[in-house]
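Just below is one structure, and these are the notes that go with it.
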2 protein chains.
Amino acid sequence: MKTDSSTTYEWIKQLQTCGYRVTAARQTIVELLVSSTHALSPIEIYDLGRKEYPALGLVTVYRTLERLDELGLIQRVHMPDGCHRYLRATQGHQHLLLCTCCGQVEMFEGDDLSKLTQRVEDTTGYHIQDHWLQLFGLCPRCTSQSRQ
Amino acid sequence: MKTDSSTTYEWIKQLQTCGYRVTAARQTIVELLVSSTHALSPIEIYDLGRKEYPALGLVTVYRTLERLDELGLIQRVHMPDGCHRYLRATQGHQHLLLCTCCGQVEMFEGDDLSKLTQRVEDTTGYHIQDHWLQLFGLCPRCTSQSRQ
DNA sequence: CCTCATAATGAAAATGATTTTCATTATGGT
DNA sequence: ACCATAATGAAAATCATTTTCATTATGAGG
Ligand SMILES: [Mn+2]
Ligand SMILES: [Mn+2]
Ligand SMILES: [Zn+2]
Ligand SMILES: [Zn+2]
């Protein structure tokens, strides 16, 4: 089982391997993303990050998110309001399930959209490159709370 | 076959039925949305609309889109950059297929995500309420152009 | 048709997220 | 230690969207 700190170390090492420098700002941001159970907005990362490293700038948060996204270490979550949040990427093809109440994010895999994709290609003549699939619902905790 | 103008009339009538007033701004915006083959951004609607009706304000575009969305006459398209576009809603449950090159939007139906949804509910304990599914690809025209 | 309450509008300002600019600082190869 | 330059943070700019507010236009009722 991978601990958060070993993952943090690996991410930093990957940044280094790609020629990026290791900085306090990046370490702070990486630690937050590695250990968070829900998708973080840039502002959240900024606010949480400054508790650890008060000099952190919001712009650096955006720039670091860009790098980590390039390296495939995090993934973007599209929120209904159009803003973005970011989440540790997992290995393999996965999709997201968001709690509409508390924001908790769960991943799931095993969608097989190939039949659907094939049929849509045949019907429309499009050449399909990518897909977005996100599910929305209530997490177990919010479900039981709303039932009262 | 429904003509654009009869659809425009119906939308206006629906607004009226719901107690909204019929105005030049709303007629202009409705006409554009009814006849467009691709998803329009608020700014596009504003720019196109002012050709018809120069006094049109961008705020009114936003407000009218809100109304039409409430009535289920249009649907929101989530773009990769986080901005929104709007498109005539179709009857029944449909999804979008966007050309990543020219922005053309195609609708398709017949996704059956119920098995997937059920499995994810069983696995995660979430109570799933909704889903987003969008496909991205190249439309036939853009496919042939990019092949040269 | 005329009146009038008020829904709707557009201009301007405010907001909030994200990006750009730029002078300063910190990293890491030498 | 030195130094080229990658990275940073502050401030300003940009862009989409929302709020505020004074003015205008709609449509119900007379
Ligand atoms: Mn998938
Ligand atoms: Mn569906
Ligand atoms: Zn929840
Ligand atoms: Zn195209």
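Both backbone and side-chain heavy atoms feed into the values below; hydrogens, waters and symmetry mates do not. A note on names: the letters A, B, ... follow the listed sequences, proteins ahead of strands, and every chain is numbered from 1.
Rounded to whole angstrom, the span from the CD1 atom of I12(B) across to the C1' atom of dA8(C) amounts to 14 Å. Atom CG of L65(A) is separated from atom P of dT19(C) by 10 Å (rounded to the nearest Å). Rounded to an integer number of Å, the gap from CE of M79(B) to C1' of dT17(D) is 17 Å. Taking atom CD on E66(A) and atom C1' on dT8(D), their separation rounds to 15 Å, with Å as the unit. Rounding to whole angstrom units, OH of residue Y53(B) and C1' of dG10(C) are separated by 9 Å. Atoms CD (E44(A)) and P (dT18(C)) sit 12 Å apart, rounded to a whole Å. Going from atom CG of D47(B) over to atom P of dC15(D) covers 14 Å, rounded to whole Å. Here the P atom of nucleotide dA6(D) and the CG atom of L15(A) are 16 Å apart, to the nearest Å.
Partners of F136(A) according to the ring-ring contact (aromatic ring centres under 6.0 Å, His included) rule, which considers only residues two or more places apart in sequence or in another chain, are W132(B). Evaluation of the side chain to side chain contact (heavy atoms under 4.5 Å, CB included) rule for D81(A) yields M79(A), C83(A) as partners, not counting sequence neighbours. Residues forming a salt bridge (Lys or Arg N to Asp or Glu O under 4.0 Å) with E66(B) (at least two apart in sequence, or on another chain): none. Every residue two or more places apart in sequence or in another chain that forms a ring-ring contact (aromatic ring centres under 6.0 Å, His included) with H84(A) is listed here: H78(A).
At least one donor-acceptor pair under 3.5 Å links the side chain of T64(B) to the backbone N or O of T60(B). Panel note: side chain R88(B), backbone V34(B); a donor-acceptor pair is recorded below 3.5 Å. Without hydrogens or angle criteria, H95(B) side chain to L133(B) main chain gives a donor-acceptor distance under 3.5 Å.
Pairs of residues two or more places apart, or lying in two chains, that qualify as side-chain hydrogen bond (donor to acceptor under 3.5 Å, both in side chains) and include a residue from residues 114-123 of chain A are D112(A)-S114(A), Q118(A)-D122(A). Listed by first and then second residue, the ring pair (Phe, Tyr, Trp, His ring centres under 6.0 Å) pairs involving residues 19-68 of chain B amount to none (not counting sequence neighbours).
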Below 3.5 Å, can you tabulate the donor-acceptor pairs from side chains in residues 24-31 of chain B to any protein atom, sequence neighbours excluded?
| unit_1 | atom_1 | unit_2 | atom_2 | d |
| --- | --- | --- | --- | --- |
| R26(B) | NH1 | R21(B) | O | 2.8 |
| T28(B) | OG1 | A24(B) | O | 2.8 |

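Near DNA chain C, meaning a heavy atom under 4.0 Å away, there are no residues from residues 68-77 of chain B.
In the displayed structure, E70(B) atom CD is contacted under 6.0 Å by more than 12 heavy atoms of other residues, nucleotides or ligands.
When all heavy atoms of C101(B) and L138(B) are compared, the pair lying nearest together is CB-CD2, 3.6 Å.
For the helix from dC1(C)-dG30(D) to dT30(C)-dA1(D), the end axes, each set by the C1' atoms of five terminal pairs, are bent relative to each other by 30° (nearest 10°).
Cluster membership check: L15(B) does not share its hydrophobic cluster with V59(B), using side-chain heavy-atom separations under 4.5 Å among Ile, Leu, Val, Met, Phe, Trp and Tyr. Note: the hydrophobic cluster containing M107(B) does not contain L113(A) (ILVMFWY, side chain heavy atoms under 4.5 Å, direct or indirect links).
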I'd like a table of atom pairs between the protein and nucleotides 1-3 of chain C - only N or O on both sides, under 3.5 Å - with the distance next to each one.
none

Tabulate atom names and distances for all N/O pairs under 3.5 angstrom spanning the protein and nucleotides 27-30 of chain C.
| unit_1 | atom_1 | unit_2 | atom_2 | d |
| --- | --- | --- | --- | --- |
| dT27(C) | O2 | R21(A) | NH1 | 2.7 |
| dT27(C) | O2 | R21(A) | NH2 | 3.1 |
| dG28(C) | OP1 | V22(A) | N | 2.8 |

Practice prompt. Heavy atoms under 4.0 Å is the rule here; annotate nucleotides 11-17 of chain C 5' to 3' with B where the base is hit, S where only the sugar-phosphate is, and - elsewhere.
Written response: BB----S
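In this structure, the side chains of Y126(B) and L135(A) stay at 4.5 Å or more apart for every pair of heavy atoms. Under the 4.5 Å side-chain criterion, counting only non-hydrogen atoms from C-beta, Y86(B) is in contact with R76(B).
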